There are 4 protein chains.
Amino acid sequence: MPANAAKGRTFTESARRAQIVAAAIAVINEHGYAAASFTRIAKQAGLSSTGMISYHFANKDDLIGEVLTEATTVAYQFIAPRMDAATGYRAKLRARLESNMQLVRAHPGHVRALMEIAQNAPKTPEFVDQRFGLFAAHLRAGQDAGEFGTFNADAMAVTIIGAIDAMVIGLVLHPEVDAAEFGRELADTFDRATRP
Amino acid sequence: MPANAAKGRTFTESARRAQIVAAAIAVINEHGYAAASFTRIAKQAGLSSTGMISYHFANKDDLIGEVLTEATTVAYQFIAPRMDAATGYRAKLRARLESNMQLVRAHPGHVRALMEIAQNAPKTPEFVDQRFGLFAAHLRAGQDAGEFGTFNADAMAVTIIGAIDAMVIGLVLHPEVDAAEFGRELADTFDRATRP
Amino acid sequence: MPANAAKGRTFTESARRAQIVAAAIAVINEHGYAAASFTRIAKQAGLSSTGMISYHFANKDDLIGEVLTEATTVAYQFIAPRMDAATGYRAKLRARLESNMQLVRAHPGHVRALMEIAQNAPKTPEFVDQRFGLFAAHLRAGQDAGEFGTFNADAMAVTIIGAIDAMVIGLVLHPEVDAAEFGRELADTFDRATRP
Amino acid sequence: MPANAAKGRTFTESARRAQIVAAAIAVINEHGYAAASFTRIAKQAGLSSTGMISYHFANKDDLIGEVLTEATTVAYQFIAPRMDAATGYRAKLRARLESNMQLVRAHPGHVRALMEIAQNAPKTPEFVDQRFGLFAAHLRAGQDAGEFGTFNADAMAVTIIGAIDAMVIGLVLHPEVDAAEFGRELADTFDRATRP
DNA sequence: AATGAATGAGGTTTCATTCAT
DNA sequence: AATGAATGAAACCTCATTCAT
């Protein structure tokens, strides 16, 4: 009687969850979030019943939440080291923007799923707020350090996040575009915009 | 037997369509696009059955299309004169950005619906592409005129559009925020970013 | 308040009915009986509302009945003189079968409609029974006159009617087939089968 | 989540499918094909919802297809051995016709359903064509063997099939008629018609 | 630990018919 | 004589979830 039995998960249990999450990501990529029903996910995962999914996840939110966690983890593991390698708020911002665009080509499936869920799933404000908070804090710290100029950090955070997401979606939809170049352009844009 | 009877619309017919469109906008605002079912819209409009909606609109796409038309018309009528009043590509860009944020407070329902539909409805890439084309053309023309600096106009167009949408959504979700100020910040941001 | 106001029909009334019947026949030919809804018929007739149809016909059965009458009348007027021109039961049977197949090419629309209705409409047993009675009587009379051999007239009537309908449908579906030839073959078949 | 889960069917699953197919046959017999809605079939089967049917069958075509398979199987198993027992094309034709009429009394429900579906369902031309092909081939082979006389085999095939179907329907509608006798009459008719 | 079966609400759409004007 | 508007039942189908085994 799992379905999140107090988080103490056996090996099999974890494997099953991972398998289902992977299937969900695949389905979202192929058909979009709206079409990611339990039925389709089960079929994709080669499961014979949707009951299987309900057994391992408390409900759909639980599953989608896990997909979100998986996707953000992948993103984080890609972006974080690249930011760490950069020195200073300005350079870190550039690293963030450029690596985010490279991520689109490195893990297209996860990125696409992330975007679809963020846009369409009903329950993601906390996810949005968290991202916003991190950006705003970075900008304010950079301003305090004198690396950034004068601007409303909240407004700028929203602006940058929106720009990132739009460009990510654009790159996903247009695989022929040079992601690295667009990433540099994006970084240049906000480098100019945040200059002291 | 309407449902788009060759466009020749009666007074009553037009009134009902408008009423239903208004109800759809209200429902989308309250529950989001995904939950905007005929049943909910009918209830919101005080209609006794969904058959009523099907009678006046050929199908859901037809209804959503009308909502989109209505919302974009409202937006256009708000923004266009403010852009016209500005002189030069740079000033027009600022007017566009600032008025777009004022629009959020002037017509919150229409803006919210517009965003929800653009993000969630399956049939809107043309709408997206059109907006992108207009922005890219404006930027290129401004570059040719020497008002803007050197940058990839496509990348910048995506960036600006994403920023607009994100800020609009942010303002919608946070009514306490000073939209005019955020609009000015947004305009300042891209004024710096596009400077020659 | 017509809808069969005691059969006393004005000129306009009759014209309207005829127009609607013609539209119904056209729709049945294009989309089949099952798709012959009031909505489609009204559109075909260039009417702005299905109310118009309900106004002139008591209900759908009434309309379909009129279509049936119209089609059978056309068929009768084509076949009757050709039977009359033939002498004797045997020759008349041949004339009936051959002319019926020629009718398919002469009035394809009416024939198609007739078949569709006879097969699909729920309320046509009387029509079927009437046709059966006429055939059986003809066969029995021919037997009494010594022109036909010994057989169960009822069974033969059913057999012939079924053969006619199947061949009609076949000809309708295969316009390239020589209807006159198939008509002769059909006549030959039952000439042999009914020979004394 | 069945609905044709790659054909690997459980016992329960098969039982339910059979139950639903049986209910569909019963409904078609009582109310005709057009009225054989999921709702009515579910009620007939004692099921509480139409979702149940959708769960076991991919869609209505799937269900109707199964009904058709079931009915043709029953018919084949009745007719085939009787044809096999006969020697020569002429005798086999007689066996076919006579046994087909006996089948009406042996399995009235299946026969009625078969007729209703063949006539009314949209997706059955292949079924019709196949039957036609078999008959035409039999007739031609018999002609080549010198057992049948000279006639257009295609025309004769259509004729015989039409006669069969009409008589089947007639027998279904008139239970008091002696099916065996009518079967013999039918066989006699085409025995004379195809004689060399 | 897992599965197959079932459920019932909800989705959009089409339909014939009614009625006030 | 005609029309536009409305109705509500019924259609097929999909969904997330539950439960006995």
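Bear in mind that the values here come from a model prediction, so they are computed numbers and not experimental data. By convention in this document, chain letters (A, B, ...) are assigned in the order of the sequence lines, proteins followed by strands, and residues within each chain are numbered from 1. Computed from heavy atoms alone, side chains included, the values below leave out hydrogens, waters and symmetry copies.
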Could you tell me which residues satisfy side-chain contact (heavy atoms from CB on, under 4.5 Å) with [X], sequence neighbours excluded, listed by chain and number?
| X | value |
| --- | --- |
| Ala26(D) | Gln44(D) |
| Ser14(A) | Arg9(A) |
| Ile64(D) | Tyr33(D), Lys60(D), Ile117(D) |

For the pair made of [atom1] in [X] and [atom2] in [N], what is the distance, rounded to whole Å?
| X | N | atom1 | atom2 | value |
| --- | --- | --- | --- | --- |
| Phe57(A) | dA1(E) | CZ | C1' | 15 Å |
| Ile53(A) | dA5(E) | CD1 | P | 17 Å |
| Arg17(B) | dG4(F) | CZ | P | 16 Å |
| Lys60(D) | dT13(E) | NZ | P | 19 Å |
| Ile64(A) | dA16(F) | CD1 | C1' | 12 Å |

Contact nearer the 5' end of DNA chain E, comparing Thr12(D) with Asn59(B):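 On the 5' side of the pair lies Thr12(D).
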5' precedence on DNA chain E between Met52(A) and Asp61(B) (nearest-nucleotide basis):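 Counting from the 5' end, the first nearest nucleotide belongs to Met52(A).
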Residue Tyr55(A), side-chain atoms from C-beta onward, closest of dA6(E), dA5(F), dA2(E):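 Per side-chain heavy atoms of Tyr55(A), the pick is dA2(E).
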Secondary structure string for DNA chain E (Watson-Crick or G-U under 3.5 angstrom, | for other-strand pairs): .||||||||||||||||||||
With sequence neighbours left out, what residues match [X] under side-chain hydrogen bond (donor to acceptor under 3.5 Å, both in side chains)?
| X | value |
| --- | --- |
| Gln119(D) | none |
| Asn29(B) | none |
| Gln130(C) | none |

When you measure from the side-chain N and O atoms of [X] to the phosphate of [N], is any distance below 4.0 Å, counting only OP1 and OP2?
| X | N | answer |
| --- | --- | --- |
| Ser49(C) | dA2(F) | no |
| Ser48(D) | dT7(E) | yes |
| Arg40(C) | dC15(E) | yes |
| Thr10(B) | dA5(F) | yes |
| His56(A) | dA1(E) | no |
| Arg16(B) | dA6(F) | yes |

dT17(E) base / Thr50(C) side chain donor-acceptor hit below 3.5 Å: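 Side chain to base: pair found, below 3.5 Å.
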Sequence-distant partners of Asp61(B), salt bridge (charged side-chain N to carboxylate O under 4.0 Å, His left out), two or more places apart: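 Checked Asp61(B) against salt bridge (charged side-chain N to carboxylate O under 4.0 Å, His left out); matches are Lys123(B).
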Near-strand residues of residues 25-38 of chain D, defined as heavy-atom separation under 4.0 angstrom from DNA chain F: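 Within residues 25-38 of chain D, the residues near DNA chain F are Ser37(D), Phe38(D).
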Least distance between heavy atoms, Met52(B) atom then Ile20(B) atom: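 Minimum heavy-atom separation between Met52(B) and Ile20(B): O-CD1, 4.5 Å.
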Distance-minimising heavy-atom pair for Ala36(D) and Val27(D):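 That would be CA-CG1, 3.8 Å.
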Residue met sooner reading DNA chain F from 5', once Gly51(D) and Thr39(D) are mapped to nucleotides: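 Closest to the 5' end, via its nearest nucleotide, is Thr39(D).
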